[in-house]
Student: 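First the structure, which I've put down as structure tokens, then a few questions once you've had a look.
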Amino acid sequence: MAVTSNRVPLGGLARKLVADGLLEEPVALCAFQDALSNRVPFVKYLIENKLADSRAVAQAASQEFGVPLLDIEALEIDPDIVKLVSEELIHRHHALPVFKRGNRVYIAVSDPTNLQALDEIKFHIGANTDPVLVEENKLARAIEKSLAAADSGLGDMEQSDFENLDDLEVGQQEATPDTSEVDDAPVVRFVNKVLLDAIKRGASDLHFEPYEKFYRVRFRVDGMLAEMAKPPLALAFKIAARIKVMSRLDVSERRVPQDGRIKLKLSKTKAIDFRVSTCPTLYGEKVVMRILDSDVAKLNIDQLGYEDFQKALFLKNLEKPYGMFLVTGPTGSGKTVSLYTGINIINRDEINISTAEDPVEINLAGVNQVQVDERTGMTFSKALKAFLRQDPDIILVGEIRDMETASIAVKAAQTGHMVMSTLHTNDGPQTITRLQDMGIPPFAVATTINLITAQRLARRLHPDFRVPQDLPPDALLAEGFTQQDISEGVKLYGPGNGGADCPSGYKGRVGIYQVMPITDAMKRMIMEGSNAVKLADQSASEGIWDIRKSGLQKARQGMTSLAEINRVTVE
């Protein structure tokens, strides 16, 4: 920024920031003039251009103008209060109504000199207004979150605000019973809007949760749940009923869990599937929906986050003609995506692939997929028995849950078939002991398993907002880094504040893996009855990285933070 010759006297806040040593006078003058010419609030200009610290500016402004400083993140803002002011006014003045006392509405601002905002909002709502001061970056996040909640929180149902929202086209999964309880157009539009919002935000799961005194909708984005809307509690039944209608569930049955599926056609070429699960709780039915996007099956293996040597092991064992290929980890760790990425690689005309899943999450052309349904008697074991009579090359079992399924899978692997499956275990060595606990003989485990991949998903740092972190060598050693790592240099990053665009500093997720082949030495140890600890030691001696070591490597590469690795792995 160049200082112009036509100087504008510094305003009170700019003068205060210069006096406090938070800004140099030439920088403050340029910023003041640029903000004025671009019609941007002065404080917003400073923070967006990283010229000053948001907290320091807020404290200085509070002292200069005697306006109380408030931590807006500690407030639970009522969507009805937000709706007092139009979205256009909120954005134009960068001001947010946060609470009301009698006939006085308190407006959160980051720049108390913006008197025009308070006057215009006062005129708009017909009530007295008082400013409260908040940090600029927190205000930006609060505005985004509050407008989203207000937009989704139905408010007064007699005055529908959904005129601009087109109904989604629902696929053949939808049945429309003659039930007036669910034929409420605003509720239909609200549910449609929530589903669209979830897709736009990249959510993996949606939670519709009734409680004694409130009802909320939460999205899981990048593995973390966050509240998105708080519809009126009186609508809990109607919202659950609408979702059950869309997923062809029994609307009248509210005492037992139900599972269903919804297919939403977003366009002629794009459709998204939702897996629906209902569960009766103390105050109504909780509904959880998982978004199933077939596009994830088209991921290239390089996008999953394997290290080069791990990818080589993955691909080498994927092409073996028989044996077991197992992927393990907790729910939501990306096991299905890894399996389908592998299936996509080997899905060729000369190979017969059959899968048994509960549920079928991703549709793949050229793969024979069977939906397991306990109610109709189609179990994993029955599906496996049927596959063995249908000339299979590769069999994918969604999950090995019991002795019968495990036994048939092992026998299939012993008789010239490649069997791919998942288990809920923490790492590779524990997977071996888990199969033995199920009743599979050590000899069968040792001779059938080719490879075990254990995995987790960690949030990925946004490359534009990450900030360097400096830890002393003792702390790095305590976290699991070696002396050699430290001597080579360990440069770590943490999440920075990306404002409204990326409030958490994270965007997307990256996989962390333990790719453990079963070597001859490990086979001997398995047949000798070695426990998981000894198997883990043997794996480490063979140069196989465990989950923790892989996570630390991702932190060294700047992909994620050490705090995130500590969240998803054992220290």
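Values reported hereafter were calculated over all heavy atoms of this structure, with side chains retained and with hydrogens, waters and symmetry mates removed.
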Student: Using a 4.5 Å cut-off on heavy atoms from C-beta on, say whether the side chain of Arg55 contacts that of Leu69.
Tutor: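 A side-chain contact exists here, since the closest heavy-atom pair is under 4.5 Å.
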Student: Quick one: does any side-chain atom of Gln455 pair with a main-chain N or O of Gly329 as donor and acceptor, under 3.5 Å?
Tutor: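 Here the side-chain-to-backbone pair does not exist.
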Student: Is a donor on one side and an acceptor on the other found under 3.5 Å between the side chain of Gln258 and the backbone of Asp250?
Tutor: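 Answer holds: yes.
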Student: Quick one: CD on Gln553 to CZ on Phe481, what's the gap to the nearest 0.5 Å?
Tutor: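 The CZ atom of Phe481 is 8.5 Å from CD of Gln553, to the nearest 0.5 Å.
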Student: Between Lys554 and Glu564, does any NZ, NE, NH1 or NH2 come within less than 4.0 Å of an OD or OE carboxylate oxygen?
Tutor: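 Looking at Lys554 together with Glu564, the answer is no, because their closest N to O distance does not fall below 4.0 Å.
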Student: Identify the heavy atoms of Pro97 and Val105 that sit nearest to each other, and give their distance.
Tutor: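 Nearest heavy atoms, Pro97 then Val105: CB-CG1, 4.0 Å.
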Student: Measuring only between side-chain heavy atoms, which start at C-beta, is Tyr493 closer than 4.5 Å to Val467?
Tutor: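 Heavy-atom side-chain distance check fails, nothing below 4.5 Å.
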Student: Once you round to the nearest 0.5 Å, how far does CD1 of Ile547 lie from CZ of Arg456?
Tutor: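 Going from the CD1 atom of Ile547 to the CZ atom of Arg456 covers 5.0 Å.
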Student: Apply side chain to side chain contact (heavy atoms under 4.5 Å, CB included) to the pair Thr278 and Ile243, showing each step before the final yes or no.
Tutor: CA-CA 9 Å; Thr278 71; Ile243 295 171; 6.0 Å; no
Student: Does any non-hydrogen side-chain atom of His124 lie less than 4.5 Å from one of Ser86?
Tutor: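 Sidechains of His124 and Ser86: in contact.
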Student: Apply the test side chain to side chain contact (heavy atoms under 4.5 Å, CB included) to residues Leu292 and Arg261: give CA-CA distance (whole Å), side-chain angles for both, the deciding distance (0.1 Å), then the verdict.
Tutor: CA-CA 10 Å; Leu292 310 174; Arg261 195 179 180 105; 3.8 Å; yes
Student: Give a yes or no on whether Asp71 atom CG has more than 12 heavy-atom contacts from other residues, nucleotides or ligands under 6.0 Å away.
Tutor: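 Yes.
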Student: Within the distance-only criterion (no hydrogens, no angle test), does the side chain of Lys230 pair as donor or acceptor with the backbone N or O of Phe214 below 3.5 angstrom?
Tutor: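 No; judged by distance alone, with no hydrogens or angles, the pair does not exist.
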Student: Between Thr341 and Val337 (side chain of the first, backbone of the second, donor and acceptor by atom type, cut-off under 3.5 Å), is there such a pair?
Tutor: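 Pair found, side chain donor or acceptor close to backbone of Val337.
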Student: Shortest non-hydrogen contact from Ala458 to Thr560?
Tutor: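 Heavy atoms of Ala458 and Thr560 come nearest at CB-OG1, 4.1 Å.
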Student: Show the nearest heavy-atom pair for residues Ile565 and Ala555, with the distance to one decimal.
Tutor: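 Scanning both residues, the minimum pair turns out to be CG1-CB, 4.3 Å.
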Student: So, taking the atom named CE in Met224 and the one named CZ in Arg509, what distance separates them when rounded to the nearest 0.5 Å?
Tutor: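 Met224 CE to Arg509 CZ: 10.5 Å, rounded to 0.5 Å.
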Student: Looking at Tyr513, is its backbone amide N or carbonyl O close enough to the side chain of Ser550 to form a donor-acceptor pair, meaning the two atoms are under 3.5 Å apart?
Tutor: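 Flag set: sc Ser550 to bb Tyr513 pair under 3.5 Å.
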Student: Look up atom CG in Leu233 and atom OH in Tyr215, then write down how far apart they are to the nearest 0.5 Å.
Tutor: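 Here the rounded value is 9.5 Å.
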Student: Run the numbers on Ile291 and Phe219 for side chain to side chain contact (heavy atoms under 4.5 Å, CB included), then give the verdict.
Tutor: CA-CA 11 Å; Ile291 299 178; Phe219 292 172; over 6 Å; no
Student: Kindly indicate whether the side chain of Asn192, heavy atoms from C-beta on, has any atom under 4.5 Å from the side chain of Met246.
Tutor: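 Touching, per the 4.5 Å side-chain cut-off.
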Student: Would Asp130 and Arg104 pass as an ion pair if we require N to O under 4.0 Å?
Tutor: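 Salt bridge present between Asp130 and Arg104.
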Student: May I ask you to test the Ser62-Pro68 pair for a side-chain heavy-atom distance under 4.5 Å?
Tutor: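 No; the side chains remain at least 4.5 Å from each other.
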Student: Is any NZ, NE, NH1 or NH2 atom of the basic residue among Lys244 and Glu253 found under 4.0 Å from an Asp or Glu carboxylate oxygen of the other?
Tutor: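 Glu253 and Lys244: not salt-bridged.
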Student: Taking the side chain from Asp273 and the backbone from Lys263, do they hold a donor-acceptor pair closer than 3.5 Å?
Tutor: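 Answer holds: no.
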Student: Is there a side-chain contact between Val109 and His94 in this structure, where contact means two heavy atoms from C-beta onward sitting under 4.5 Å apart?
Tutor: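 No, their side chains stay 4.5 Å or more apart.
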Student: For residues Pro280 and Arg254, determine if any side-chain heavy atom of one lies less than 4.5 Å from a side-chain heavy atom of the other.
Tutor: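 Pro280 does not reach Arg254 side chain to side chain.
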Student: Using the side chain to side chain donor-acceptor pair (under 3.5 Å) rule, take Thr569 and Arg548 through it: C-alpha gap first, then chi angles, then the decisive distance, then the call.
Tutor: CA-CA 6 Å; Thr569 70; Arg548 179 70 182 176; 3.0 Å; yes
Student: CG/Asp197 to CE/Met228 distance, rounded to the nearest 0.5 angstrom?
Tutor: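 Going from the CG atom of Asp197 to the CE atom of Met228 covers 9.0 Å.
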Student: What is the minimum heavy-atom distance between Ile262 and Ser247, and which atoms define it?
Tutor: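 Nearest heavy atoms, Ile262 then Ser247: CG1-CB, 3.6 Å.
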Student: Report yes or no: does Arg466 contribute a side-chain atom to a donor-acceptor pair with the main-chain N or O of Ser561 at less than 3.5 Å?
Tutor: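 Answer holds: no.
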Student: Quick check: are there more than 12 heavy atoms from other residues, nucleotides or ligands sitting under 6.0 Å from CD of Gln557?
Tutor: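 Above 12, so yes.
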Student: With a 4.5 Å heavy-atom cut-off, do Val134 and Leu96 have their side chains touching?
Tutor: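 Sidechains of Leu96 and Val134: no contact.
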Student: Tell me which one of Arg216, Lys286, Met289 satisfies side-chain contact (heavy atoms from CB on, under 4.5 Å) with Phe208.
Tutor: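 Only one option passes, and that is Met289.
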Student: For the residue pair Tyr283 and Tyr211, is the inter-centroid distance of their aromatic rings smaller than 6.0 Å?
Tutor: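 Centroid separation for Tyr283 and Tyr211: 6.0 Å or greater.
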Student: Should Ile239 and Val287 be marked as a side chain to side chain contact (heavy atoms under 4.5 Å, CB included) after you check the CA-CA gap, both sets of side-chain angles, and the distance that decides it?
Tutor: CA-CA 9 Å; Ile239 291 172; Val287 181; over 6 Å; no
Student: Which heavy atom in Leu562 sits nearest to a heavy atom in Leu552, and how many Å separate them?
Tutor: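 Result for this residue pair: CD1-CD2, 3.7 Å.
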Student: Please report the closest heavy-atom contact between Pro231 and Phe190, naming both atoms and the distance.
Tutor: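 Smallest heavy-atom distance, with atoms named: CG-CZ, 3.4 Å.
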Student: Quick one: CD on Glu479 to CG on Asn566, what's the gap to the nearest 0.5 Å?
Tutor: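 The CG atom of Asn566 is 4.5 Å from CD of Glu479, to the nearest 0.5 Å.
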